[in-house]
Protein chains: 2
Amino acid sequence: MEAAKRESILSEACKCFAKLGFQKASVDDIARRAGVGKGTVYLAAASKKDLFYEVLLREVRDWNASLQKRIDPRRPADQLLTELALSSLATMDERPLVRELLMGGHHEVLPELKDRFDELRSIGMKPIVEVLEIGIEQGRFRPDLDVDEVARILLDLHTATVMFVVGRVSDPLRLARRTKSAFDLVLRGLTLHAPPTKA
Amino acid sequence: MEAAKRESILSEACKCFAKLGFQKASVDDIARRAGVGKGTVYLAAASKKDLFYEVLLREVRDWNASLQKRIDPRRPADQLLTELALSSLATMDERPLVRELLMGGHHEVLPELKDRFDELRSIGMKPIVEVLEIGIEQGRFRPDLDVDEVARILLDLHTATVMFVVGRVSDPLRLARRTKSAFDLVLRGLTLHAPPTKA
DNA sequence: GAACTGACTATTTTTCGATTCTGGTCACCG
DNA sequence: CGGTGACCAGAATCGAAAAATAGTCAGTTC
C-alpha cells in the first residue's frame with residue numbers, strides 16, 4: 001500500500017461521504033476519483049464501514065489539532081473556553097462529517113458503530129478537557145470539577161446550540177451570540193454569589 | 001361539536017400520533033377509535049395538520065401544568081430548577097410527542113409548521129422562566145439574567161441530555177446523574193469565585 | 001335544522017417484480 | 001507482490017398496478 005495512494009483514497013472518500021452520506025457514496029466512485037482500482041481501496045480498509053471510520057478518525061484528529069493549536073495556556077482559561085466554542089462553530093461548515101458525528105446523525109444509518117462513534121466524540125472532547133485543566137491550574141476554575149464529566153456536558157451544550165440552528169435561518173451572528181450567552185452562563189453560573197467551595 | 005366527542009377525538013389522535021407518527025397515523029383510524037364518523041374529525045380541526053397541532057398544544061399545556069404544579073415559590077430556586085429538570089425527565093416516557101417536539105423531530109416531516117413548533121417550545125419554557133424569576137426574587141440568582149435567553153439555553157441543555165441517551169442503553173440512573181451534574185454546573189458555574197456583578 | 005355520517009374522489013403511498021447498482025472477492029497482470 | 005477490474009450475490013432502485021388516505025358533501029338522524 002503506497003502512502004500517497006492511501007492518502008488519496010482517504011481524502012476522496014472524505015469528500016464523497018461528506019457530499020452523499022455513507023449509503024449513497026459508492027466504493028467504485030471513491031476508487032475512480034482517487035485514481036486507483038477498487039481492490040486497492042480494500043487494501044486501505046477492510047470494509048466500507050472501516051473506511052468510513054478511518055475517514056472520520058482522520059477528520060476528528062485534524063479538527064482537534066486545529067483547535068488545540070489555538071490554545072495558549074498563558075491566556076485566561078475562561079476566554080479560552082469561549083473562543084474554543086466559537087472556533088469550533090466556525091469550522092463546522094468545512095467539516096460536515098464532524099458536525100454529523102457530534103449531532104449523532106450517523107447513529108440511524110450505522111447503529112452498529114455506536115461505540116466507535118462514542119470514542120471519536122471522546123477524542124473531540126480533548127481540547128475542552130485541556131482548557132478546563134488549564135483553568136484549574138490557573139486557579140480560575142473550581143478545582144473540584146470532574147473535568148471529563150464537565151467536558152461532556154459542555155460538548156452537549158455546544159452541539160445543542162449548533163443543532164437547533166442547523167436547517168433554520170441560521171443567521172451566523174445569532175449563532176455566535178447564543179454560543180457566547182451559553183458559555184457566559186456556564187462560566188459565571190446562575191447563582192448570585194458562588195457559594196464557598198466546600199471539599 | 002359535542003364536547004365529549006371533541007375530547008375523545010383529541011385523546012385518540014394523541015395516542016395514534018404517538019404510536020405511529022404523523023404520517024402513518026390515519027384520520028380514518030382516529031375517527032374509528034374515537035367512535036365518530038370521519039366528518040366529525042373535520043369539525044374538530046380543519047385539517048390533519050391542524051389536528052396534530054391541536055393535539056401537541058394540549059400535550060404541551062398539560063405537561064406544563066403538571067410541572068408548574070410542583071413549583072413551590074417558597075423553596076430555594078436552585079433546588080426547584082434541578083427538580084424541574086428531573087421531573088421533566090421522568091415524564092418524557094409518557095409524553096413521546098413532547099419529547100419529539102423538544103428534540104425537533106417533527107421538523108423533518110412537517111417543516112411548514114416550524115413557527116408553530118417554536119411557539120410550543122416557548123410555552124414549554126414557561127416553568128423554567130418562572131423558576132428563574134423566583135430565584136431572582138429570592139436574591140439567589142443574578143438579577144442581570146435575561147431570563148428568556150437563559151431559559152432557552154437551559155431547555156437546550158436539557159434536551160441535549162435527553163437526546164444523547166435516547167436509543168442507547170439509557171440507564172435511567174445515569175441519565176438522572178447527568179442531569180444533576182449539568183444543572184449543578186450551570187448553577188454554580190465553572191469559575192472559582194463569581195466575579196463581582198458589573199452592570 | 002344542526003350535528004353527524006360515510007360513500008366518494010383525487011391524490012399519495014405501498015407493493016412487487018424486473019433491472020440496475022454496489023460491496024466485496026480473487027484470479028491475473030505488470 | 002502491489003495493484004487491478006471482471007465477476008458474483010445481494011441490496012437498492014424503478015415503474016406501474018393496486019391499495020390506502022385526506023378531505024368533501026349529499027344525505028341521514030334526532
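Residue numbering restarts at 1 for every chain, and letters A, B, ... go by the order of the sequence lines. What you see below is based on every heavy atom in this structure, not just the backbone, and it leaves out hydrogens, waters and symmetry mates. Please read all numbers here as calculations on a predicted model, not as lab measurements.
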Asks: Quick one: which of D:dA22, C:dC4, C:dT14 gets closest to the side chain of B:Leu43?
Replies: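 Taking heavy atoms from C-beta onward, the closest nucleotide is C:dC4.
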Asks: Go through D:dT4, D:dG23, C:dG23 for me and flag the one nearest to the A:Ser26 side chain.
Replies: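 For A:Ser26, the side-chain atoms sit closest to C:dG23.
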Asks: Looking at B:Thr40, does any N or O in its side chain come under 4.0 Å of the phosphate oxygens OP1/OP2 on C:dT5?
Replies: yes
Asks: Need to verify one output field. Residue with the more 5' nearest nucleotide on DNA chain D, A:Gln23 or A:Gly39?
Replies: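 Its nucleotide being nearer the 5' end, the pick is A:Gly39.
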Asks: Please check the phosphate of C:dC4 (OP1 and OP2 only) for any side-chain N or O of B:Lys5 closer than 4.0 Å.
Replies: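 Checking C:dC4 against B:Lys5, a side-chain N or O does come within under 4.0 Å of OP1 or OP2.
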Asks: Using a strict cut-off of less than 4.0 Å between a Lys/Arg side-chain nitrogen and an Asp/Glu carboxylate oxygen, indicate whether A:Arg99 and A:Glu59 qualify as a salt bridge.
Replies: no
Asks: Between D:dG3, D:dT13, D:dA22, which nucleotide gets closest to the side-chain atoms of B:Tyr42?
Replies: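 Shortest atom-to-atom distance from the side chain points to D:dA22.
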Asks: Give one of base, sugar-phosphate or nothing for B:Ala25, where a contact means two heavy atoms less than 4.0 Å apart.
Replies: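 Answer is sugar-phosphate: B:Ala25 comes under 4.0 Å of backbone atoms only.
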Asks: Taking NZ, NE, NH1 and NH2 as the nitrogens, is one of them in A:Arg152 or A:Asp148 under 4.0 Å from a carboxylate oxygen of the other?
Replies: no
Asks: With the side chain of A:Lys48 defined as its heavy atoms from C-beta on, choose the nearest nucleotide among C:dG24, D:dA22, D:dG3.
Replies: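 So the nucleotide nearest the side chain must be C:dG24.
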Asks: Measuring from the side chain of A:Lys38 (C-beta onward, heavy atoms only), which nucleotide among D:dG23, C:dT5, C:dT25 has the closest atom?
Replies: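 So the side chain of A:Lys38 is nearest to C:dT25.
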Asks: Could you point out which residue of B:Leu154, B:Leu67, B:Asp78, B:Leu81 forms a side chain to side chain contact (heavy atoms under 4.5 Å, CB included) with B:Val131?
Replies: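 The single option meeting the side chain to side chain contact (heavy atoms under 4.5 Å, CB included) with B:Val131 is B:Leu81.
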Asks: I'd like to know if A:Asp29 and A:Arg32 make a salt bridge, using a cut-off of under 4.0 Å between side-chain N and carboxylate O.
Replies: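 A salt bridge links A:Asp29 with A:Arg32.
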